[in-house]
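In what follows, a single structure is set out as structure tokens and then discussed.
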Amino acid sequence: MWLDAGLAYLHFTAMFALFAFLTVEVMLARGEIDARTIRLLARVDLWYLGSAIATVLFGIARAVWGAKGWAFHSGSWVFWAKVALVALVVAVSIAPARAFIRWRKRLEAQAGFAVPEPERARLRRYLMVELHVLAIVPLLAVLTARGIAR
């Protein structure tokens with residue numbers, strides 16, 4: 001019981017942090033992306049990566065060692081849909097992460113570099129897709145936990 005509660009707490013905390021960091025990225029991408037914003041986005045993205053890794057690891061631990069166990073989770077198509085959406089978010093998040101790295105390198109080579117508007121708009125679209133797809137994951141988690149649609 002204590003193990004399940006602890007894993008749930010860690011999983012939820014990591015997930016809340018994940019949403020928070022992604023929201024910060026979305027907000028930073030609303031306006032002009034100058035040198036200061038590029039550096040900040042790169043730092044926030046590292047925290048986003050860390051919270052994503054923690055969320056996945058604690059989620060796996062919870063599915064395996066939690067109160068309901070692996071047999072309960074692995075037998076649900078809703079659980080696998082949740083896993084697929086998380087994989088989709090990971091795949092979509094690669095483009096923004098690569099952009100942050102590319103922009104930092106460009107900034108080091110060219111002082112005063114600012115991200116061109118079309119690139120900023122493309123980044124924001126990627127981030128919004130991540131955020132909207134990720135918003136469905138907790139719903140699928142709730143359905144899985146209650147054994148709905150097994």
Side-chain angles (χ1 to χ4, degrees), residues 1-105 107-108 115 119-150:
M1 179 90 64
W2 281 102
L3 176 63
D4 184 58
L7 290 173
Y9 172 77
L10 292 170
H11 183 57
F12 293 154
T13 302
M15 188 173 29
F16 295 149
L18 177 76
F19 274 103
F21 292 124
L22 183 55
T23 301
V24 168
E25 288 184 6
V26 167
M27 297 306 291
L28 287 171
R30 286 178 69 190
E32 180 185 351
I33 301 179
D34 57 9
R36 182 181 156 280
T37 308
I38 290 170
R39 289 185 190 97
L40 185 55
L41 277 167
R43 279 196 313 269
V44 171
D45 199 55
L46 285 175
W47 285 100
Y48 174 63
L49 173 64
S51 62
I53 290 169
T55 300
V56 169
L57 290 178
F58 288 127
I60 291 169
R62 192 164 180 224
V64 172
W65 297 302
K68 294 183 179 170
W70 180 249
F72 176 84
H73 292 288
S74 66
S76 169
W77 69 266
V78 179
F79 172 78
W80 292 110
K82 179 178 77 163
V83 169
L85 288 182
V86 169
L88 175 62
V89 169
V90 168
V92 172
S93 73
I94 292 170
R98 291 182 69 203
F100 300 148
I101 293 166
R102 188 175 62 252
W103 295 341
R104 283 204 65 177
K105 286 180 181 177
L107 185 60
E108 289 170 6
V115 175
E119 285 187 53
R120 186 211 58 83
R122 185 173 37 251
L123 168 73
R124 186 138 159 81
R125 279 193 303 274
Y126 277 114
L127 295 174
M128 292 302 288
V129 166
E130 285 181 63
L131 192 57
H132 285 89
V133 171
L134 202 55
I136 300 168
V137 172
L139 170 63
L140 297 180
V142 168
L143 294 175
T144 299
R146 281 150 186 79
I148 297 172
R150 285 184 64 79

So which atom in [X] and which in [Y] form the shortest heavy-atom distance, rounded to 0.1 Å?
| X | Y | result |
| --- | --- | --- |
| Gly66 | Leu7 | N-CD1, 4.5 Å |
| Asp4 | Arg62 | OD1-NE, 4.2 Å |
| Leu28 | Ile33 | O-CG1, 4.3 Å |
| Ala14 | Phe58 | CB-CD1, 4.5 Å |
| Thr144 | His73 | CG2-ND1, 3.6 Å |
| Val137 | Leu85 | CG2-CB, 4.0 Å |

* Between the side chain of Arg120 and the main-chain N/O of Ala29, is any donor-acceptor distance below 3.5 Å? -> yes

Can you confirm whether [X] sits close enough to [Y] that some side-chain heavy atom of one is under 4.5 Å from a side-chain heavy atom of the other?
| X | Y | answer |
| --- | --- | --- |
| Phe19 | Leu131 | yes |
| Leu107 | Arg39 | yes |
| Val56 | Ile60 | yes |
| Ser74 | Trp80 | yes |
| Ile38 | Val115 | yes |

* Has Trp65 got more than 12 heavy atoms of other residues, nucleotides or ligands less than 6.0 Å from its CH2? -> no

* Asked: Just wondering, are more than 12 heavy atoms of other shown residues or ligands nearer than 6.0 Å to NZ in Lys68?
  -> yes

Gap between atom [atom2] of [Y] and atom [atom1] of [X] - 0.5 Å precision:
| X | Y | atom1 | atom2 | answer |
| --- | --- | --- | --- | --- |
| Ile136 | Leu88 | CD1 | CG | 9.5 Å |
| Glu130 | Ile94 | CD | CD1 | 10.0 Å |
| Leu139 | Leu143 | CG | CG | 4.5 Å |
| Ser93 | Asp45 | OG | CG | 7.5 Å |
| His11 | Leu18 | NE2 | CG | 10.0 Å |
| Ile53 | Tyr48 | CD1 | OH | 11.5 Å |

* Apply the side-chain contact (heavy atoms from CB on, under 4.5 Å) test between Met128 and each candidate in Val26, Leu123, Val133; give the one that qualifies. => Val26

